[in-house]
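Model, not experiment: these values are computed from the prediction. First the proteins, then the strands, lettered A, B, ... as listed; each starts at 1.
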Protein chains: 2
Amino acid sequence: MRLLVVEDEPEMALALQSALRRHDMIADHADTLAAAMEMIPLGSYDAIILDRGLPDGDGLSLIPRIRQCRASIPVIVLTARGRLAERISGLDSGADDYLAKPFAFEELLARLRAVMRRPDHLRPMAVKLGRLSLDLDHREARVENMRFDLPRRELLVLEALMRRAGRMVPREILMEAVFGMSDEVQSNTLDSHISRLRRKLADADAGVTINGVRGVGYMLMEQI
Amino acid sequence: MRLLVVEDEPEMALALQSALRRHDMIADHADTLAAAMEMIPLGSYDAIILDRGLPDGDGLSLIPRIRQCRASIPVIVLTARGRLAERISGLDSGADDYLAKPFAFEELLARLRAVMRRPDHLRPMAVKLGRLSLDLDHREARVENMRFDLPRRELLVLEALMRRAGRMVPREILMEAVFGMSDEVQSNTLDSHISRLRRKLADADAGVTINGVRGVGYMLMEQI
DNA sequence: CGAAACGTCATGTTGCCGCAATGTGTCGCA
DNA sequence: TGCGACACATTGCGGCAACATGACGTTTCG
C-alpha cells in the first residue's frame, strides 16, 4: 500500500508517516502543492492524504489536477477546517472523504480502508491463492489457518504480488510498491527480499511459487 | 439517480425521501433487512443509505450480502451510533462512508456526491487477434486464458505487430520499435526474433500468423 | 542491549540476444 | 527454362547481463 501525505507541518507529517509505516504502508511526503504535483504522476499511489492549509495554496485546488492525470486515486482531506460548510465544499471539490483535526488515527485508518475498497480500485478485501491467503485490510497472511508472519518489506512484496496474483508484475512496479520513491535502492535488494520470501513460502508449504521472468518482473502462481 | 433508504423510523424515512426527491433523486424505502435484501437485486440502485438499528438486525450485516450480489454499490451508513469505535467497525464492515445522526442534510448530499462520483475505470488497453491477446499496460500476452511468456525483444516485436494488426509493418518501423534508434544492429537479428516468435506462436496454437513480404516488412494476420 | 530485519556485496547460474553460417524460396535476366 | 543474386528463414553458439542465493555489517525496534 502506497500513500502520499501532503502536509506542511513537519511534526504532523512525520507522525503520520511513522504511524502509517507501523501499519505496513509506504508513505511518501510532500510539503507543498507544487511538490505533490510533481510526485503524483511519478509514484503510483493508492491514496492521497491531503491537508488544506499549505504554503502555496488550499489543498483542495490539488484535487481537480489529480483527477486530470489519474482519475481514480482516492483522496482523503485531513484538516483543521472542520466546519460544516467546509466539509461540504471539500467533498464537492472531489475529495473521497473529509476528516477534521483533531482526529483519531484509528479512524483515519478505517477511512483509508473504506476509501480503498471502492470499486474504482476493485480491491478485494482478501485474496487467496493456493493454501495462502492474505487479508489486505488487516495486513495479515495465513497458510490455511496458521498465521504466516512476515517482516514489513517481505509483506509488501507479497501484497503487491497477490494483488495481481497470476499476472506479471513488472520489476519497476514492485520497486515502487516496496520502497517509496524517497528511498532509492541501487542494488539487488528486491532480489534479496524475493529470495527470502521464496524460502519462507516453500518452508511453510504455502502452495504458491514466485516465478521470475527475465527482464520483466515477477509473478505469483499457484503451485502445480 | 436511484437510491435505497433502509430505515425503520417512518418519519426519518419520509423526511429523507422527500428531501432527496427535492434534489432530483429517486429514493425507494425498505424498513427491514429482509425487505432491503429483496429490493436490492431488483431495482438497480446507485447507492444505499443504511441505518443500523433495524427491527431484524444490525444494518451492517447487510453489507457483505450486498457485496455478494452487486459488489460495487456504494453504501452510506447513517445512524445514531456515532461513537469512534462504532464508526470504525462500520467502515470496516465495508461501508463507503459513515455519518452520525444528528446530521446536516447538506452533508449527506455532499457525501452522496463524493461516493457516487466514479470516473468509469478505463480498462488497460488490450488488443486481441485470433486466440491471442496482448495487454499493453502490463506487457503480457495470453493465448485464450493461458499466459504466453515471451522474452523482452520478442514481446516488443509482437507488440509492434499487434498495434498494427492486419496491416503491413515496414521493416524500418519494426527495427525502431524493437531496438531503439540508438542501437545499430548490423545483421539479421530482427529475422531471428521473428523466426523464434513464429515458432512459439505456432506451438501455442495462437491462431495468428506472421506474414513476411519481400522488400517491405511483416504483417500479423489471423489464421485461416 | 539483543534479536530481527534490512541493505549490500560476492559468487554462482541461467537464459536472452546478437551474430553468423547455412538453408530456402523468389525474382530478374538471358 | 536455367542460373545466379538477393532477401528472408532457421538454427547453433558464445558473451554477457540479469537473476539467485548465501554471507555480512548496519540499522531498527522492543
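Phosphate proximity of D:dA18 to A:Tyr218: absent, as no side-chain N or O sits under 4.0 Å from OP1 or OP2. OP1 or OP2 of C:dG7 has at least one side-chain nitrogen or oxygen of A:His193 nearer than 4.0 Å. In this model, the phosphate group of C:dT14 is not approached by any side-chain N or O of A:Arg214 to a distance below 4.0 Å at OP1 or OP2. For C:dC17, neither phosphate oxygen OP1 nor OP2 lies less than 4.0 angstrom from any side-chain nitrogen or oxygen of B:Thr189.
Residues A:Asp97 and B:Asp96 are not in side-chain contact: their nearest non-hydrogen atoms beyond the backbone lie 4.5 Å or more apart. Side chains of A:Leu3 and A:Leu112 form a contact here, defined as non-hydrogen atoms less than 4.5 Å apart. No side-chain heavy atom of A:Glu9 sits less than 4.5 Å from a side-chain heavy atom of A:Glu11. Side-chain contact between B:Arg111 and B:Leu78: absent, with no pair of heavy atoms (C-beta onward) separated by less than 4.5 Å.
For B:Arg198 against D:dA9, no side-chain N or O and base N or O form a donor-acceptor pair under 3.5 Å. A donor-acceptor contact under 3.5 Å is not formed by the side chain of B:Ser195 with the base of D:dT11. No donor-acceptor contact under 3.5 Å links the side chain of B:Asp191 to the base of D:dT11. In the interface, the side chain of A:Arg196 is not paired with the base of D:dT21 through any donor and acceptor atom under 3.5 Å apart.
Between A:Asp46 and A:Arg2 there is no salt bridge, since no side-chain nitrogen of the basic residue lies less than 4.0 Å from a carboxylate oxygen of the acidic one. Salt bridge annotation for A:Arg142-A:Asp135: absent, with no cationic side-chain nitrogen under 4.0 angstrom from a carboxylate oxygen.
A:Asn188 has its CG atom 10 Å from the P atom of D:dA20, to the nearest Å. Computed from coordinates, the A:Arg171 CZ to D:dA20 P distance equals 8 Å when rounded to whole Å. Whole-Å rounding puts the B:Phe179 CZ to C:dC16 P distance at 16 Å. For B:Leu156 and C:dC16, the CG to P distance is 14 Å, given to the nearest whole Å. At whole-Å resolution of the value, CZ in B:Arg153 and P in D:dA18 are 11 Å apart. One interatomic measurement links the two molecules: CG of A:Asp149 to C1' of C:dA3, which rounds to 15 Å at whole-angstrom precision. Rounded to a whole Å, the CG atom of A:Leu197 is 12 Å from the P atom of D:dA20. Rounded to an integer number of Å, the gap from B:Leu150 CG to C:dC17 C1' is 14 Å.
Using a 4.0 Å heavy-atom criterion, one finds that B:Arg152 contacts the sugar-phosphate atoms exclusively.
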**OP:** Quick one: do A:Leu20 and A:Val5 satisfy side chain to side chain contact (heavy atoms under 4.5 Å, CB included)? Show the steps, please.
**Re:** CA-CA 10 Å; A:Leu20 291 169; A:Val5 174; 4.0 Å; yes
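Remark: nothing in residues 199-210 of chain B comes within less than 4.0 Å of DNA chain C through any heavy atom.
An angle of 40°, rounded to 10°, separates the two end axes of the helix from C:dC1-D:dG30 to C:dA30-D:dT1, each defined over five pairs.
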N/O donor to acceptor pairs below 3.5 angstrom from side-chain atoms of residues 164-172 of chain B, sequence neighbours left out:
unit_1: B:Arg164; atom_1: NH1; unit_2: B:Ala160; atom_2: O; d: 3.2
unit_1: B:Arg171; atom_1: NH2; unit_2: B:Asp191; atom_2: OD1; d: 2.5

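Of all non-hydrogen atoms in B:Ala204 and B:Phe148, the two that sit nearest each other are CB-CE1, 3.6 Å. Nearest heavy-atom pair across B:Asp58 and B:Leu33 is O-CD1, 3.8 Å.
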